[in-house]
There are 2 protein chains.
Amino acid sequence: MRPAKVADEAVADALVSAFRRDGYAGAAIRDLCEATGLKSASLYHRFPRGKTDMALAALAWAAGGFGEAVVSPLEAAGDPASRLRRSAAGLRRYYAGGRLACLLAVFAASEAPEPVRDGIAAALARWRDALTAVLAETGAGAPGDEAEDRIAAVHGSLVLARGTGSTAAFRRAVSRMEGLPP
Amino acid sequence: MRPAKVADEAVADALVSAFRRDGYAGAAIRDLCEATGLKSASLYHRFPRGKTDMALAALAWAAGGFGEAVVSPLEAAGDPASRLRRSAAGLRRYYAGGRLACLLAVFAASEAPEPVRDGIAAALARWRDALTAVLAETGAGAPGDEAEDRIAAVHGSLVLARGTGSTAAFRRAVSRMEGLPP
DNA sequence: GTCTATAGGAAGATAGAC
DNA sequence: GTCTATCTTCCTATAGAC
């Protein structure tokens, strides 16, 4: 096998950046070529089913990084408070303090093909389930609802950040994310 | 002036639906023609600067409907509790109980041209300011933050609804929206 | 595995008749 | 104000050499 000019991880990173900035339909193959440093024929060699495959690869890579930064700390050993704290730190890091949009939300917002939409639901479910389990350990009532509400607060704050330019709401949402339920 | 085949309001409504479903880049002129019932030359007659103008018209129409349903009740006379209640009712109606995505969020998520993005910030600011004023009347501390957080909760719940298909989080976010601050 | 070159079609936008 | 017809550009995807 001939060595790849660009490592798979670097390609995936570049695809995530491009799709996050322009959306699925807004990102043209030409843009993905510029982002990855590969010509279109090379991209199609790696992703034979075309743009949908490129979006799926980006989604998988983004979900993997998110899982490592945010979900894994929730699933790790330790007391609930410190697991929430480590997960919140992962959130700040992953979204660069609110300056980065969520690829899931961008794809969910519109126009992504069916297989991509399926991946979104799975990634959200994994986060919600892990957070629900931690909140249940704290003895919170309706931990599933509380988990969904905290996740919604984070996503909503990212919408505001993109709409208004201010990341203050994101910082508050993450702070609330690491607190124990009342 | 020759009578229009399709009323301006009907055209605006159709544009909102199409853009909300497919996003800015995902909605082709062809799709907008099917949605409005007009041929492309007729659309360009009404919107001489092309697709960007069509998106701006959709945004203005959506913001107008949102202002009437959600923001005006906040700015009306009456005690804070009933203004919040009427605004929350407008939210449920406007987003069809969480089943409809927010055009602002769809455009904000990605790929909308600069003039459209400016309109988004203005619409969000109007909502936030009106909500802040009502919350300040209730004597809440940091009413501006509280307003932003409530708005973020609604938008986040709409992201979840689109990603997971469940509108439960939206219903909770709106219920919290109409409550007085603690 | 990556490239140049290009097919084939859909995209945004316009001309000019009615 | 709306239409048919069309222009040009851009897009996704592929063929085939290296």
Side-chain angles (χ1 to χ4, degrees), chain A residues 1-59 61 106-107 110-117, chain B residues 1-59 61 106-107 110-117:
Chain A
M1 244 195 337
R2 182 167 166 183
K5 175 183 164 188
V6 183
D8 282 353
E9 295 80 21
V11 170
D13 261 332
L15 291 177
V16 170
S17 297
F19 278 124
R20 191 170 47 201
R21 190 185 58 237
D22 299 325
Y24 179 81
I29 300 293
R30 174 198 166 82
D31 300 323
L32 304 178
C33 291
E34 282 170 15
T36 57
L38 292 173
K39 301 294 181 181
S40 80
S42 303
L43 268 183
Y44 277 90
H45 175 78
R46 297 190 184 211
F47 304 101
R49 279 180 303 191
K51 196 174 169 181
T52 302
D53 266 11
M54 301 175 205
L56 282 171
L59 186 62
W61 184 250
V106 170
F107 280 164
S110 63
E111 31 109 36
E114 198 51 39
V116 175
R117 311 192 76 89
Chain B
M1 246 194 335
R2 184 168 165 182
K5 176 184 165 189
V6 183
D8 283 353
E9 295 79 23
V11 170
D13 261 333
L15 291 177
V16 169
S17 298
F19 279 125
R20 192 170 46 202
R21 190 185 60 238
D22 298 326
Y24 179 81
I29 300 293
R30 175 198 166 81
D31 300 324
L32 303 178
C33 291
E34 283 170 14
T36 57
L38 293 174
K39 301 295 182 180
S40 80
S42 303
L43 268 182
Y44 277 89
H45 176 78
R46 297 190 184 211
F47 305 102
R49 278 181 304 191
K51 196 175 171 182
T52 302
D53 266 11
M54 302 176 204
L56 282 171
L59 186 61
W61 183 250
V106 170
F107 280 164
S110 62
E111 32 110 35
E114 197 52 39
V116 176
R117 312 192 74 90

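Labels below follow one simple rule: chain letters A, B, ... track the order of the sequence lines, proteins then strands, and each chain is numbered from 1.
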Categorize A:V6 for me: base, sugar-phosphate, or nothing, with a 4.0 angstrom heavy-atom threshold over every strand shown.
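Here A:V6 touches the backbone only, sparing every base.
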What does B:A27 touch in the nucleic acid at a heavy-atom separation under 4.0 angstrom: a base, only the sugar-phosphate, or nothing?
sugar-phosphate
Heavy-atom nearest nucleotide on DNA chain D for A:S40 versus A:R30: which residue maps closer to 5'?
A:R30
Nearest of [options] to any side-chain atom of [X]?
X: B:K39; options: D:dC3, D:dT14, C:dG12; result: D:dC3
X: B:A28; options: D:dC11, D:dA5, C:dG12; result: C:dG12
X: A:A41; options: D:dA15, C:dT2, C:dA13; result: D:dA15
X: A:R46; options: C:dG12, C:dC3, C:dG1; result: C:dG1
X: B:Y44; options: C:dT14, D:dT14, D:dC11; result: C:dT14
X: B:K5; options: C:dA5, C:dT2, D:dC3; result: D:dC3

I'd like to check A:M54 versus A:Y24 (side-chain heavy atoms, cut-off strictly below 4.5 Å). Are they in contact?
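With C-beta onward as the side chain, the pair stays apart.
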Are A:V11 and A:F47 packed together at the side-chain level, in the sense that at least one heavy-atom pair is separated by less than 4.5 angstrom?
yes
Given [N], is OP1 or OP2 found less than 4.0 Å from the side-chain N or O atoms of [X]?
X: B:S42; N: D:dG1; result: no
X: B:K51; N: C:dG12; result: yes
X: A:H45; N: C:dT2; result: no

From [atom1] of [X] over to [atom2] of [N], roughly how many Å is that when rounded to an integer?
X: A:D22; N: D:dT12; atom1: CG; atom2: C1'; result: 16 Å
X: A:R49; N: D:dT14; atom1: CZ; atom2: C1'; result: 17 Å
X: B:F47; N: D:dG1; atom1: CZ; atom2: P; result: 12 Å
X: A:I29; N: C:dT4; atom1: CD1; atom2: P; result: 17 Å
X: B:L43; N: D:dT4; atom1: CG; atom2: P; result: 13 Å

Interatomic distance, B:F107 atom CZ to B:L56 atom CG [nearest 0.5 angstrom]
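That separation rounds to 8.5 Å.
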Have a look at A:T36 and tell me which of A:D13, A:L15, A:D31 forms a side-chain contact (heavy atoms from CB on, under 4.5 Å) with it.
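With A:T36 as partner, A:D13, A:L15, A:D31 yield a single side-chain contact (heavy atoms from CB on, under 4.5 Å), made by A:L15.
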Considering all heavy atoms, the nearest A:R46-A:A4 contact:
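In this case the closest contact between A:R46 and A:A4 is NH2-CB, 3.3 Å.
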